[in-house]
Amino acid sequence: MSTRDWLLADSPTSRMQANAGRAYRVFTALLRNPLAVLGGLIILVLVLTAIFAPWIAPYSPTGQNLSARLLPPSSQYWMGTDELGRDIFSRVIWGSQITLTIVGLVALISAPLGLLVGAIAGFFGGWVDRILMGITDIFLSLPKLILALAFVAALGPGINNAIIAIAITSWPAYARIARAETLTIRNAEYIQAVQLAGGGPIRVIIQHILPLCTSSMIIRVTLDMAGVILTAAGLGFIGLGAQPPLPEWGAMISRGRTFILDQWWVATMPGFAIIIVSLGFCFLGDSLRDVLDPKSEGKN
Amino acid sequence: MNAIDIQNLDISYGDTKVVHGVNLAIPEGESFALVGESGSGKSTILRAIAGLAPDWTGSISVLGQARSHHIDRQVSSQVQMVFQDPYGSLHPRKTIDAALSEPLAIHGIGNRGERVEAVLRDVGLDQRFRFRFPHQLSGGQRQRVAIARALMLQPKIMLLDEPTSALDVSVQAEILNLLKRLRREQGLTYLLVTHNLPVVSFLCDRLAVMRQGRIVEIADAAQLKAGKLNEPYSQELLAATASG
Amino acid sequence: MALDQQSAPLDAALIARNKRLRRQAFTVGGFILTVFLTFLGLLAITFFIGRVIPIDPVLSVVGDRATQAQYDAARIAMGLDRPLWQQFISYVGNVLTGDLGRSVSTGRAVVDDLSRFFPATFEMATLGILIGIALGVPLGVTAAARQGSWLDQAIRVVGLLGYSVPAFWLGLVGLAVFYARLRWVGGPGRLDIFYDGLVQPVTGMILIDSLIRGEIDIFWNAVSHIILPASVLGFFSLAYIARMTRSFMLDQLSQEFVTTARVKGVPERVVIWRHAFKPIRVPLITVVGLSYAGLLEGSVMIETVFSWPGIGNYLTTALLNADMNAVLGSTLVIGAVFIVINKVSDVLYRVLDPRAR
Amino acid sequence: MTTLLEVENLRVSFPTNRGRVEVVKGLSFTLGRERLGIVGESGSGKSMTGRSILKLIRKPGEVTADKLRFDGIDILDQSEKQMRAIRGARISMVMQDPKFSLNPVMTVGEQIAEALVTHQKLPRSAVQARIQEMLHAVRINDPERVARLYPHEVSGGMGQRIMIAMMLIPEPELLIADEPTSALDVSVQAQVLDIIDTLVRDKGMGLILISHDLALVSRYCDRILVMNAGRVVEECAAGQLENAQHPYTRGLLAAMPTIDESRDELPVLDRTQWAGT
């Protein structure tokens, strides 16, 4: 029996085989979806680029070469050079590390926080719900970017403060989703069945509600990562994010503003990097929704 | 000792009272039906007994013990419930095995593998189904799993909330036979909620007809079979069944 | 029995109406309370950002070369010696009386600055949202009506691009192409330099003011300047509105009542616009509201790129100069507009949807 | 008796991961101005049969037939525009649940009026008069008030009567009723079916009543088709149902408990028995 047959067995013989089979089916469903493959590849390339940046980048990201200022794209400098003679391609490659760090940390901070707040508010209801959701709603009815800007202004410019500011402003959206999801699940008959068997709230939340919330959270977080990249780049563009000489993409565009009319590549190239990576997250998030949606579960 | 004893039961959902002054006594081993149209409050009574509709006044006792307003662990090994919708009553991401072992895990009962196998045999499901997910099963098979889950803690009383109304006629017959056999073999008490009088006639000893939150009439199954229900509303229901 | 069946729904309708009235009374009160709490939350956050986070707000005012006496005097003058809750109350009082402090960089009261800069932002964002609605709704409806066609795919990609392209970058590229290379539009700023200051402000919005004064030349010059930034903003709201419209429409088109309409023999155009589109007009209002509020945010980036003399530009300048009064003032104003738009679309939702009425 | 509908070798299929699957597998019948019942369990293809007669199966679903003629018109040959002249005006359909099949943001009156004016150009007052008349016909006593209500403001039984009024107002020749009462309470079911029955008889229309309920269909129809897995397994006069030949039909009949049930166990369908047919 091949591994594939084992995974796709109609009548699995253990819990492990059943779960592995389900994971395999989700994976193959993603592989059948061209946008998902494209998005996944883009993110994979981003991760590999960030890890292997020192070996991939042909030049130093910060080393200046004033004799090679503002050169257009050529076989020597693939994306041209900036006003200090730095190779833009190398800077874009190194910049992937910054982008990946921001995206990763924001997701790690805000998603679990939002998930927990939302699940607790939704499950217990009553005053717990009212207080938690009151706070969440206040955050949600305020402009995210402006709040992030104000936070960074107070905390001082820099990449760490940018991450904190973005995380502070993004968890409420996740709390809302998790709560809405919890509310629909909470009164489901399979939850009542567990309660009738004597299962307490901790068991119900952790074993039954959270696993169902996570798939919609994964989808939402993936889709939101594009927004996080744009916000981070925006902070960099205004001068409040990563500080020079760090090769942050938004800050690079900001530097290129002055030259946009004659040396278009300085501002344009990092922009393409932002768009491609953001699109990668969008594609993956969009197709994850098609594949993981519980409503379409029975079909595959 | 009665399996279920209900006195002066009023149940509310929010501001609205949906059950008014219900009295019921169901002896151990009996199969009793609550009959009525949607909104008559029949399901609500089941939910109150189970602890899922906590907003009630009056008294409910189960096997001689007064019932609290909430779900509690003692009662869960005495009373279990089977829901109407076999699609909504199983967790979509858990295998049949996980759903069936969970009550055992909650109550710290060992030997789970064997017990799961045994209960699957009891409800007439092949062992092949044990590690499947709910969406890989038909409606009738899912309802068998739901019944098996209710049996895991070996309860004395089963609350059945329209257990066959979402199923096709041919599948309904299989589930009804199963319920009848389980009751005989395990000496269970049934409290069945349904709008389907023929199902009552097949499965139950007595019935209560409900309308707008009140019990209109309590009758024997023999009366039902003979078409001799007393109240006009009961006769209306009977007529609708016969004509439909 | 037939009679009984007739009257039952009537009673039910009456009961439902009474309940609805009671619920509405409750909702109006609850609504005012949530608006109030949200504004209070906004004030608390700006207060927190302004007074709690900075390591030493006094230092940022007096500078680090001040003497201890100067420092202490400033500290007492700023009220920082009082307990935090008293400071918060006086902060709220100040805001309510329109005192947002003085801007360090312009030297004027922040309120005056904001009232000068707001119309420019409002003008651009409004034009942007109009472009977004005018194109986004029809595109979304068309995509849903022809699900799976190449047009649908194209609209889907446009929608995703709206989530992936940085606004400031698109603005820069737009300037490089349409202004520098093609000369189709005017450059940065609201007017060419030689028109500047010729129109006496009435509303503060140049398009309207120039028309009021009958200055057609200036009007067209203003159009050529505003069209590019407004289109860039419009692109983002278009992307969002089209995407949401498409998914709402797909949801409606799969409903049974749409089949009913087809069974009646109603033309497809009517099926789509009367039956499927009508129920989503209400949720679309919320989407448009969200998108409009989002444009106010987006204008921060766009105004920087286009040197547009609006609140966004004011805010970024203040950010770089660590001019906290100006930063918090702008945050408050944008936040307040944001809340108002959000809540108004909430109210419209309730008023317009027969099911929620 | 004139022939209203001729169906020969009707097939409906949908694509799945495992290739195209046929849900209707070669169905044939003819219908005059009579009442035909189509009975089957879920997945038997009975609803798809009803919808393919109106050509409502949308891509990627596919309908083929050797013959699908309504009053001599080849349905499969009709353009979408030509179909619109038939739908509503000549063939109409009542669906299962009024909660979902009525437009939630249009008043009852608007929806009924739309059905009429789509096919007939009438002055406004005449339209209103026809609506009142039609609502009366479905036994709604205060039509002016009801016409102004939104669907969520009426009960299920009244919703279904409104649906019937809407579907019959252009006076079609054939009505398809797809599980018209399965979302309703028992006591209202008979009332709704009686209204359909009276109107269909009075106007001399054809009726196709689709249901999972054998007893109901045998009471309200002249002739019955029993479907299983996309095929007709039995065709008989409604009165002759007890004498049904096919094991599936016999099995279904036996599996139903009765009000005077005395059996200790219900006979269960042995599905292997006719799997080959």
Side-chain angles (χ1 to χ4, degrees), chain B residues 33 35-40 86-87 124 138-140 164-181 183-184 194-204 207 209 211-212 221-229 232-244, chain D residues 39-44 46 99 155-157 179-194 197 209 211-220 226-229 247-271 273-274:
Chain B
V35 181
E37 296 190 286
S38 54
S40 62
Y87 293 87
S138 72
T164 60
S165 67
L167 304 175
D168 278 326
V169 178
S170 59
V171 184
Q172 165 175 292
E174 294 172 18
I175 298 295
L176 287 178
N177 285 340
L178 170 67
L179 286 170
K180 197 165 197 172
R181 175 168 62 80
R183 177 172 162 234
R184 194 171 49 229
T194 184
H195 62 272
N196 188 329
L197 291 175
V199 166
V200 175
S201 175
F202 177 73
L203 199 62
C204 299
L207 71 154
V209 179
R211 183 186 205 194
Q212 289 167 6
Q223 276 173 274
L224 173 71
K225 287 174 190 179
K228 284 181 183 154
L229 297 178
Y233 179 71
S234 316
Q235 284 297 340
E236 242 176 59
L237 281 187
L238 207 53
T241 308
S243 69
Chain D
V39 200
E41 297 192 296
S42 52
S44 62
K46 57 188 193 303
K99 216 166 36 202
S155 66
E179 300 268 14
T181 58
S182 54
L184 306 179
D185 266 329
V186 207
S187 59
V188 193
Q189 285 185 358
Q191 205 188 12
V192 166
L193 284 167
D194 284 341
D197 195 47
L209 179 60
S211 175
H212 65 280
D213 190 337
L214 268 171
L216 182 144
V217 165
S218 66
R219 188 184 141 105
Y220 285 96
V226 181
M227 282 186 75
N228 177 245
Y248 176 74
T249 319
R250 302 197 61 79
L252 276 191
L253 283 169
M256 257 187 311
T258 59
I259 198 85
D260 52 352
E261 191 55 66
S262 56
R263 290 172 290 184
D264 192 41
E265 192 176 339
L266 297 169
V268 169
L269 277 175
D270 179 3
R271 287 165 201 279
Q273 225 175 353
W274 68 89

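In what follows, chains carry the letters A, B, and so on, assigned in the order in which the sequence lines appear, proteins first and then strands, with residues in each chain numbered from 1.
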Part of S42(D) lying under 4.5 Å from any heavy atom of chain B: both
When M256(D), E265(D), R263(D) are compared by non-hydrogen pairs under 4.5 Å with chain B, the top option: E265(D)
Most chain D-contacting option - heavy-atom pairs closer than 4.5 Å, from G39(B), P198(B), A222(B): P198(B)
From CA spacing to verdict: side chain to side chain contact (heavy atoms under 4.5 Å, CB included), R219(D), L216(D): CA-CA 5 Å; R219(D) 188 184 141 105; L216(D) 182 144; 6.0 Å; no
Check against side chain to side chain contact (heavy atoms under 4.5 Å, CB included), K180(B) and D264(D): CA-CA 9 Å; K180(B) 197 165 197 172; D264(D) 192 41; 3.7 Å; yes
Exceeds 12 heavy-atom contacts within 6.0 angstrom, atom NZ of K225(B): yes
Side chain to side chain contact (heavy atoms under 4.5 Å, CB included) evaluation trace for T249(D) with V39(D): CA-CA 10 Å; T249(D) 319; V39(D) 200; over 6 Å; no
Per-residue contact mode, L176(B) against chain D (heavy atom under 4.5 angstrom): side chain
Min side-chain heavy-atom separation V209(B)-S40(B) under 4.5 Å: no
Contact origin within V268(D) toward chain B - heavy atom pairs under 4.5 Å: side chain
